[in-house]
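Read through the structure below, which is laid out as structure tokens, and then see the notes.
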Protein chains: 2
Amino acid sequence: MVSKLDTKTRILDAAESLFAEHGFSDTSLRLITTRASVNLASVNYHFGSKKELIQAVIARHLELFMPLLNEKLTALCAQAEKPSLLDVFNSFVDPLLALEQQSKNGTVIFMQLLGRSYTDEQGHLRWYTTTHYGEVLANITKALLKANPALSSQELFWRLHFTLGTAVFTMGSSGALMDIAKADFNQDIDVEGLIRKVIPYLASGMNTSTETTSM
Amino acid sequence: MVSKLDTKTRILDAAESLFAEHGFSDTSLRLITTRASVNLASVNYHFGSKKELIQAVIARHLELFMPLLNEKLTALCAQAEKPSLLDVFNSFVDPLLALEQQSKNGTVIFMQLLGRSYTDEQGHLRWYTTTHYGEVLANITKALLKANPALSSQELFWRLHFTLGTAVFTMGSSGALMDIAKADFNQDIDVEGLIRKVIPYLASGMNTSTETTSM
DNA sequence: GTCTATATTAAGATAGAC
DNA sequence: GTCTATCTTAATATAGAC
């Protein structure tokens, strides 16, 4: 079985890139099975329905990403009495880049799926994530609070979602953004470069004081 | 003609809220016409196609929002030699809130449409906006550069998109976020409150220096 | 497990009477 | 301008042979 990837994997690979590119609704099973070079009926045989295929695609990424992130965060919290916000956000870099190895463009696809899962009708993601990875989410807030103890849990809640929005939108449209950067500024930047570019922005937002400051 | 809104407006009103809620693809013409209490065929009579209806919905918001924003920005640039970043971002508040008067939940719907226009396959928006409102976009960058002259045009490009991501995501999912805030923190916040809460975050990100800083 | 063939449903769009 | 009725296409899903 070294020869070729099995049908189930081929479907997952094709589905994830098409979902990320066109969204869930605009990606038909015919499109998926054609790209995967498998029979149309095999999706329902292996996954039961399109809905369950969507879940499987998202789950495959989360299963790789979440444990890696959890490791990094617990290590950071164990080692540093008061980590910097940059340290906390930098903990996301390796787990995100690890997705590149699982599938081509894995990092970008993962972020696009995150964004679509939040907005598209199929917003099961929030529920799925919190029930399956509640511990990791708790560790994220724990690390951020160690880095910035002045944050109230309310403020942390809001800023976490501001952060998520920036990250999802930026990485999700990274293809277009990198193209523009190349055309307008002759700037070559890859996914890792983009991640490292957005992190200071995120850290700054998480760090700012609530009061109206003079700038 | 004081009695009832005309068919065309009824369709636009129904379509915009459904598009914002379910996305373009997941909203059928049948759903729209049912909610608008008009005949199915009237969409094609008045707009030609679903695609053109989508454009019309977006255009109606932009036509109200963009001139208002332009006024604020030019006034700010004329009046202040070096406006603060908070001043620049505060210029968006009134134009955004003006959308509330055009249609119920207009502000949130507008931001949701912005987000969907960027991600959904129907990403004509970037083209439409730049060709129709290039002057306003230029004034946005002009104001930001006056407020933070240290920004290179490259950095400004990236941070503008970080900003857009935060705003679109936050406002677009504001319904869910406000519900959670109420349930978890007993915090009552409305759309204007949310806008005012995100602005310091945006200003901070736009202000931060590129260098790795100690935090 | 994989294939062909087909059932079923729902979508966008239009013709033509009023 | 508005309505009913219908055309055409494409989607998900399944039955049943191999």
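So you know, we letter chains A, B, ... as the sequences are listed, proteins then strands, and number each from 1.
- Nucleic acid contact for A:Thr27: sugar-phosphate only, since backbone atoms but no base atoms lie under 4.0 Å from a heavy atom of the residue.
- A distance of 6.0 Å separates CZ of A:Phe157 from CZ of B:Phe185, quoted to the nearest 0.5 Å.
- Annotation: of the two residues near DNA chain D, B:Lys8 and B:Leu40, the 5′-most nearest-nucleotide partner is B:Lys8.
- For the pair B:Leu53 CG and C:dA13 C1', the computed distance is 14 Å after rounding to whole Å.
- Here A:Thr7 reaches the OP1 or OP2 of C:dT2: one of its side-chain N or O atoms lies under 4.0 Å away.
- The neighbour count for A:Lys182 NZ, taken as heavy atoms of other residues, nucleotides or ligands under 6.0 Å away, is above 12.
- Atom pair A:Asn44:CG and D:dA11:C1' shows a separation of 12 Å (rounding to whole Å applied).
- Separating the NE2 atom of A:His46 from the P atom of D:dA13 is a distance of 16 Å, rounded to the nearest angstrom.
- Listed pair A:Asn39 / C:dT4 meets the phosphate criterion, a side-chain N or O lying under 4.0 Å from OP1 or OP2.
- A 4.5 Å side-chain heavy-atom check between A:Ile199 and A:Asn90 finds at least one atom pair inside the cut-off.
- The distance between atom NZ of B:Lys50 and atom C1' of C:dA10, rounded to the nearest whole Å, is 12 Å.
- At whole-Å resolution of the value, CD1 in B:Ile54 and C1' in C:dG12 are 12 Å apart.
- For B:Arg30 and D:dA5, the CZ to P distance is 14 Å, given to the nearest whole Å.
- Taking atom OH of residue B:Tyr45 and atom C1' of nucleotide C:dA17, one finds them 15 Å apart after rounding to whole Å.
- Residue A:Leu29 contributes atom CG, which lies 15 Å from atom C1' of C:dT9 at whole-angstrom precision.
- A side chain to side chain donor-acceptor pair (under 3.5 Å) with B:Asp13 holds for exactly one of B:Lys8, B:Arg60, B:Arg35; it is B:Arg60.
- The side chain of A:Ser28 places an N or O atom within less than 4.0 Å of a non-bridging phosphate oxygen (OP1 or OP2) of D:dA11.
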